[in-house]
Amino acid sequence: MRKQSCHIKSLLERISDGDPDAYKQLYYLLFNSLYKFALSIIQSRQQAEEIVSDVFVKLWMVRQSLTGIKNPSVYLYTSVRNRALDYLRKDRSHTIVHLSPQDWEDSLIELKDPSDYCISSDLMKKINAAINQLPPQSKVIFRLVKEDGLSYKQVAKIMEISPLTVRNQLSIAVRKIGEILPGYIYEKSTVGKEKA
Amino acid sequence: MNEQRFWELVSLKLSREASKEELTELETLLFQHPEMALQVDVIAGIWNEKTPTPDLSYSFEKHLQKLEKLSGTDSSNESYEIPPSIRKKQPLQRYLLLAAASIAIFFLFRIFFFSNSEKIPPNRVTALNTITVPRGSKKTIELPDGTKVWLNADSRLEYNELFECDLREVTLEGEAFFDVWKDSCRPFVIHTSAIDITVLGTSFNVRAYNNENETETSLVTGKVEIVVKNNPEKKIILRPNEKLVIMNNAYADSLKNTQKADDLLIVKTMRKDPVYNAVPETMWIDNKLAFDGEKLEEVCKKLERWYNVAILIKDESLKEEVYTAIFEGETLLNVLTALKISARIDFEIQENIINIFRNPNDNN
């Protein structure tokens, strides 16, 4: 989905010319990704939405300078991150309605109907559980790369970690999912052989 | 099997971060462990399925109200206009404006000096990115659309600043291996002096040195369409494992009177080397110097680029000698010695110039 970063760039170009339609398109394109990212830091749905909305407000206010941004994805995610961290630091007085950890972690990645992948719903549950058992940072990395299609370098910049960490964390996550699968497939193929 | 490495390779492939070597390594592992293939398929299925986006109309409506309140206007909500008084309160904006202006000036400057004016569409500020690889080295780059390019020695690749958004077009002089990021809406076009290659998503090698007689396109996977510039009617579609060899302009002109036009253009099937399990055309990516039934003249041109030296063939009759060999990590001296043993040549090194002449002990 890295072609998306091209799409984002061309939208920003139009926004910098004051095109409200492009602005709406960008909101629809990125809101959910940025919202989920904010949620991973702030753990409050209402605040997460507020933060992303704030970033979009700022985007419109400084629209004339948008074409100077080299890596729009990194810029937007970093803005969300900084704002969320600011919020955690400054606004402790606010009453934040926290989600229970399980609640917000679940919403980071939602896998669809198991029949779409030709696997049983039981196995799907196991896969979802494996993803949910990943350490928080690892889960965020998994989401940014898988769902948002960001590159290791982009994720590294956004999260202020090394690309190697991104690579390792992701490799661990994929392995965790992969290791749930083996028995199932192997049994199937041996059954076929017996019949023959 | 090293499970950790296996899943690392799978994760790299899924994230589109795997290098060519890593993809080959994964392929080999899957070949040795076919029982893993289905697991990888299931994971890939899960990976490529993106979570659907919820309906955002309410959220956007709410956002617009906030934007209007903050920007202090009550006008029609389609314009989201911010009054100048508020704009002035944004020091960051002024800074960014300045930055944007200086970037624009920089691009203008670059266009002025480096770009070909024909390529700039009117009303748009564009610039050319040029990647140059000197003799004696190689380079791997990733283009803004995610396409990976391996550039061989003495090569140049140009792409437009607008590359990622409008047209995926590059100009190549020299040799490169492309692993094109699939995007069915935007074809990827490679221009060389003799041909234009149009592709969607595929991997292939292009060899188009201006100082060589032939331009070669070697397809590994996918499909490409090639248009020959001096014969635009002729479109050639290559299938995997095929290569197209065409005579370059100057050379073609000199042959025009003596040969039929069709002889200037040949489609060949590539031959995999059983030991390396790869075609010689793309071995350079893995740092292997391969000669596949090539004349000494061509061999020397490759050596010149590979080792950044100048080679003079002192005896015209030697130029037609044919060599087939694969070298990996050898010094120039070892390569030349190997060539010397296998045929009737000898050589002499004078600083950066190598003279090749007929072996005095050769009786022919």
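Lettering follows sequence order; numbering is per chain, from 1.
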Handout entry: Portion of A:E50 that has a non-hydrogen atom of chain B nearer than 4.5 angstrom
Key = both
Completion exercise
Turns out that what part of A:D54 lies under 4.5 Å from chain B's heavy atoms comes down to both
Any chance you could measure [X], atom [atom1], to [Y], atom [atom2], to the nearest 0.5 Å?
| X | Y | atom1 | atom2 | result |
| --- | --- | --- | --- | --- |
| B:L56 | A:N32 | CG | CG | 6.5 Å |
| B:L64 | A:Y23 | CG | OH | 7.0 Å |
| B:R16 | A:S151 | CZ | OG | 10.0 Å |
| A:I177 | B:W47 | CD1 | CH2 | 8.0 Å |
| B:L14 | A:K146 | CG | NZ | 10.0 Å |
| B:E8 | A:R175 | CD | CZ | 10.5 Å |

Problem - Mutual orientation of the aromatic rings belonging to B:H63 and A:F56 [parallel < 30°, tilted 30-60°, perpendicular > 60°] - result: perpendicular
Practice task
Find out whether A:Y27 and B:S59 are in side-chain contact, i.e. whether some heavy atom of one side chain is under 4.5 Å from a heavy atom of the other.
Solution key: yes
Handout entry: Any B:E3 side-chain heavy atom under 4.5 Å of A:E179 side chain
Key = yes
Practice task
Could you tell me whether B:K62 and A:E49 make a salt bridge, using a distance below 4.0 angstrom between a side-chain N and a carboxylate O?
Solution key: yes
Handout entry: Lys/Arg-Asp/Glu bridge criterion (N-O < 4.0 Å) met for A:R167, B:E22
Key = yes
If you draw a 6.0 Å radius around [atom1] in [X], do more than 12 non-hydrogen atoms from other residues or ligands fall strictly inside?
| X | atom1 | value |
| --- | --- | --- |
| B:Q4 | CD | no |
| B:K223 | NZ | no |
| B:K20 | NZ | yes |

Handout entry: Distance-only donor-acceptor check, side chains A:Y28 and B:S57, under 3.5 Å
Key = no
Practice task
Provide the closest heavy-atom pair for A:S171 versus B:S11 in the form atom of the first, atom of the second, distance.
Solution key: CA-OG, 3.4 Å
Problem - Minimum heavy-atom distance B:I43-A:V174, with the two atoms named - result: CD1-O, 3.9 Å
Exercise for the section: Name the region of B:L9, side chain, backbone, both or neither, that has any atom closer than 4.5 Å to a heavy atom of chain A. Expected result: neither
Problem - Side chain A:Y152, main chain B:S15, donor-acceptor under 3.5 Å - result: no
